[in-house]
Amino acid sequence: MNIEQHIVAATITAVKDLYQQEIQENQISLQDTRVEFEGQITIVVFPIVRFSKKSPEVTAKELGAYLVEHVADVTGFNVVKGFLNLSIADPYWLSLLNNTLLDKDFGTFKPNGQKVMVEYSSPNTNKPLHLGHVRNNLLGYSVAELLKANGYEVFKVNLVNDRGIHICKSMLAWQKFGNGETPESSGLKGDHLVGKYYVIFDKEYKKEIEALKLAGQTEEEAKKNSPLIKQAQQMLLEWEQGNAEVLDLWKKMNGWVYAGFDITYKNLGVDFDKYYYESNTYLLGKDTVEEGLNKGVFFKKPDGSVWIDLTEDGLDQKLVLRADGTSVYITQDLGTAEMKYDDFKMDQSIYVVGNEQDYHFKVLFLILEKMGKTWAKGLHHLSYGMVDLPSGKMKSREGTVVDADDLIAEMVETARQKTEALGKTNDFSDEEKERLYYDIGMGALKYFLLKVEPKKRLLFDPSESIDFQGNTGPFIQYTHARIKSLLSKAEYAEYSKATEVKDLSATELEMIMLLSKYPSELASAAKGYTPATLSNYLYEVAKMFNKFYHEVPPIVKEEDASLKQHRLNLSFITANILKSGMKLLGITVPERM
RNA sequence: GCCUUGGUAGCUCAGUUGGAUAGAGCAACGGUUUUCUAAACCGUGGGUCAGGGGUUCGAAUCCCUUCCAGGGUACCA
């Protein structure tokens with residue numbers, strides 16, 4: 001039992017002894033004591049007043065006296081309005097540091113036997129990745145790692161959208177205007193080359209629409225009648241019929257894209273346990289529709305189209321199969337969900353997809369539940385906000401996107417400039433330097449994106465570079481490197497208890513309290529599927545260490561061996577938390593920088 | 001129209017099951033290096049928590065309402 005649990009238990013018996021009343025555990029509210037008051041743990045007494053039938057101040061005083069008498073580590077108290085501030089003796093915190101924080105298993109969780117799938121990235125193979133995809137990838141990766149750290153068995157899955165009319169657009173444009181251009185001949189990364197033709201298609205398509213409009217057609221007619229769009233549709237049809245020429249082109253161009261994606265994924269540091277391809281799954285779901293019809297979950301309209309009526313759930317009627325028997329988006333998602341479950345039998349399945357699809361997933365999950373799929377309750381849409389530019393939305397077709405590869409290169413370059421300006425890497429080898437600039441640049445980028453709550457939209461201004469100071473990745477990386485340097489200068493070999501230490505400074509005490517929260521931070525980050533809370537926690541830890549480091553005399557020169565060991569122990573656990581926590585964000589912390 | 005998510009300092013963001021005087025960073029201004037890495041530390045200024053109403057001992061947080069912004073809205077994904 002930790003001190004909080006002792007206090008809660010003692011408060012329950014106190015209410016019994018003092019007021020002859022039964023209070024429930026969840027009615028007792030504990031919080032950290034604000035720094036301006038004495039004490040470490042505060043009981044909010046307002047909820048207890050209805051049991052004591054006395055004023056908040058009197059209740060607090062009686063309870064405080066009771067706790068000092070009955071709980072060993074509570075050594076004093078003071079009352080400010082309705083708040084009972086408890087002082088906990090230093091030996092308790094020292095023992096917490098020596099026995100809990102420095103335990104080898106601190107901050108780790110045992111396997112919990114649960115399986116969870118995280119589907120993320122899920123790119124289209126007609127264009128390169130942009131900043132929006134970067135947010136998706138980092139979020140998915142980090143959430144997967146967080147779940148792993150919490151004891152789940154995790155499967156990372158990438159469902160690649162490799163077919164459809166948009167893919168045919170790139171293919172058609174390349175065929176017509178490409179003159180056989182290849183990544184080799186152009187020097188372009190494969191995904192960028194394909195993306196170039198996607199943009200060309202759109203440009204030519206718009207030209208045709210304009211021409212048709214001049215010839216008297218409406219916008220709508222022109223969009224339908226443009227020869228290019230008709231050819232693209234024809235190509236899609238041929239693809240579905242297995243036309244060898246079309247399939248060859250499709251394979252060739254997708255191959256270019258995958259080679260490009262591999263590089264971007266590697267730079268982002270993300271990985272997958274399994275890839276699914278829509279070219280293999282797009283026909284799935286028709287059996288599910290049949291099953292739903294038999295179960296009476298769906299109904300057929302006179303034209304033959306199949307629907308579900310969700311009006312009783314506050315939603316609309318939703319089409320699940322076209323009258324001609326072909327699939328819509330949700331048809332294949334129904335089938336794919338089933339297939340994924342058959343493959344992995346997971347307890348939870350998380351879809352990392354932007355908030356523009358909130359409605360789609362609400363419907364998808366509801367349908368599966370109505371069909372009686374027991375696993376449907378484990379499905380979760382991790383919805384995140386769009387990344388906007390000051391000018392508004394990013395649009396691939398119009399070229400107003402922040403390209404992922406460009407951004408990564410810029411971040412690394414900025415890291416190089418800033419680091420060299422500080423002159424700290426003069427004794428680094430070239431290889432070490434490159435590695436460091438990459439780690440710092442990516443640290444800045446990843447932290448920038450992950451520290452914001454997923455569901456909030458995110459504003460990125462390309463004209464302002466991402467910070468390297470303050471609440472940033474590099475600040476935390478720097479703090480880690482600083483500790484590592486300290487430990488090595490002090491020839492800190494390994495942890496041993498510093499039993500002679502009797503007193504703690506205010507900052508040391510605060511540090512111990514903060515560090516002890518690491519496991520619960522990991523748990524709540526995983527529970528809420530949000531790396532943002534962990535990010536902000538790690539920032540607090542780094543900030544606290546820098547304060548400690550600054551106000552304490554040089555530890556390396558400390559003559560009191562036990563005090564020195566104690567301070568190094570504190571530094572050591574701080575570095576461990578920063579390193580392992582940042583790793584869950586996908587960020588590498590350098591040993592020196 | 002309807003559904004949904006947001007709105008907190010000049011900017012970017014925190015803010016726990018409702019708890020004490022709403023916090024950080026950036027930007028601005030001032031200070032700190034004969035002391036273990038100054039990507040750091042300390043300080044100053046900066047707020048109608050979008051507006052209004054309600055519930056409560058207590059509301060940025062819960063409820064109602066208005067405004068603003070994003071997203072969705074029956075055969076795109």
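Lettering of chains follows the sequences in order, A, B, ..., and the numbering in each one begins at 1. We use all heavy atoms of the structure for the numbers below, so side chains are in, but hydrogens, waters and symmetry mates are not.
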Notebook entry, point to check: Listed by chain and number, what are the side-chain contact (heavy atoms from CB on, under 4.5 Å) partners of Val402(A), not counting sequence neighbours?
Noted result: Leu131(A), Leu389(A), Met394(A), Leu407(A), Phe460(A), Pro462(A)

Check: Between residues 452-462 of chain A and RNA chain B, which residues have a heavy-atom gap below 4.0 Å?
Finding: Val452(A), Glu453(A), Lys455(A), Lys456(A), Arg457(A), Leu458(A), Leu459(A)

Next item on the list: Could you check how far CD of Glu57(A) sits from P of A20(B), rounded to whole Å?
Entry: 16 Å

Notebook entry, point to check: If we ignore angles and hydrogens, is there a donor and acceptor under 3.5 Å between the side chains of Ser121(A) and Asn137(A)?
Noted result: yes

Notebook entry, point to check: What is the distance from CD1 of Ile476(A) to C1' of A39(B), rounded to the nearest Å?
Noted result: 12 Å

Next item on the list: Could you list all the salt bridge (Lys or Arg N to Asp or Glu O under 4.0 Å) pairs where at least one residue sits in residues 517-539 of chain A, not counting sequence neighbours?
Entry: Asp32(A)-Lys517(A)

Enumerate all atom pairs, one protein N or O and one N or O from nucleotides 55-57 of chain B, separated by less than 3.5 Å.
none

Next item on the list: With sequence neighbours left out, write down each residue that passes side-chain hydrogen bond (donor to acceptor under 3.5 Å, both in side chains) with Arg457(A), or none if nothing qualifies.
Entry: Asp388(A)

Item checked: Pairing residues for Thr588(A) by the side-chain hydrogen bond (donor to acceptor under 3.5 Å, both in side chains) criterion, not counting sequence neighbours -> none

Checklist line | Listed partners of Glu240(A) passing side-chain contact (heavy atoms from CB on, under 4.5 Å), at least two apart | finding: Arg163(A), Leu236(A), Tyr282(A)

Check: For RNA chain B, which residues in residues 513-538 of chain A have a heavy atom at a distance below 4.0 Å?
Finding: none

Check: Separation of Asp388(A) atom CG from U5(B) atom C1', in whole Å?
Finding: 13 Å

Check: Just by protein heavy atoms under 4.0 Å, how would nucleotides 71-77 of chain B read 5' to 3' in B, S and -?
Finding: SSSBBSB

Check: Looking at residues at least two apart in the chain, or sitting in another chain, which of them share a side-chain contact (heavy atoms from CB on, under 4.5 Å) with Thr42(A)?
Finding: Gln31(A), Thr33(A), Phe83(A), Asn85(A)

Item checked: Base versus backbone protein contacts along nucleotides 27-37 of chain B [heavy-atom cut-off under 4.0 Å; B, S, -] -> --------BBB

Next item on the list: Given side-chain hydrogen bond (donor to acceptor under 3.5 Å, both in side chains), test Thr472(A) with Asp467(A) step by step and report yes or no.
Entry: CA-CA 7 Å; Thr472(A) 66; Asp467(A) 277 326; over 6 Å; no

Taking N or O atoms only and anything under 3.5 Å, show me the protein contacts with nucleotides 21-24 of chain B, one pair per line.
unit_1: U21(B); atom_1: OP1; unit_2: Lys81(A); atom_2: NZ; d: 3.0
unit_1: G23(B); atom_1: OP1; unit_2: Arg34(A); atom_2: NH2; d: 3.1
unit_1: A24(B); atom_1: O2'; unit_2: Tyr539(A); atom_2: OH; d: 3.1

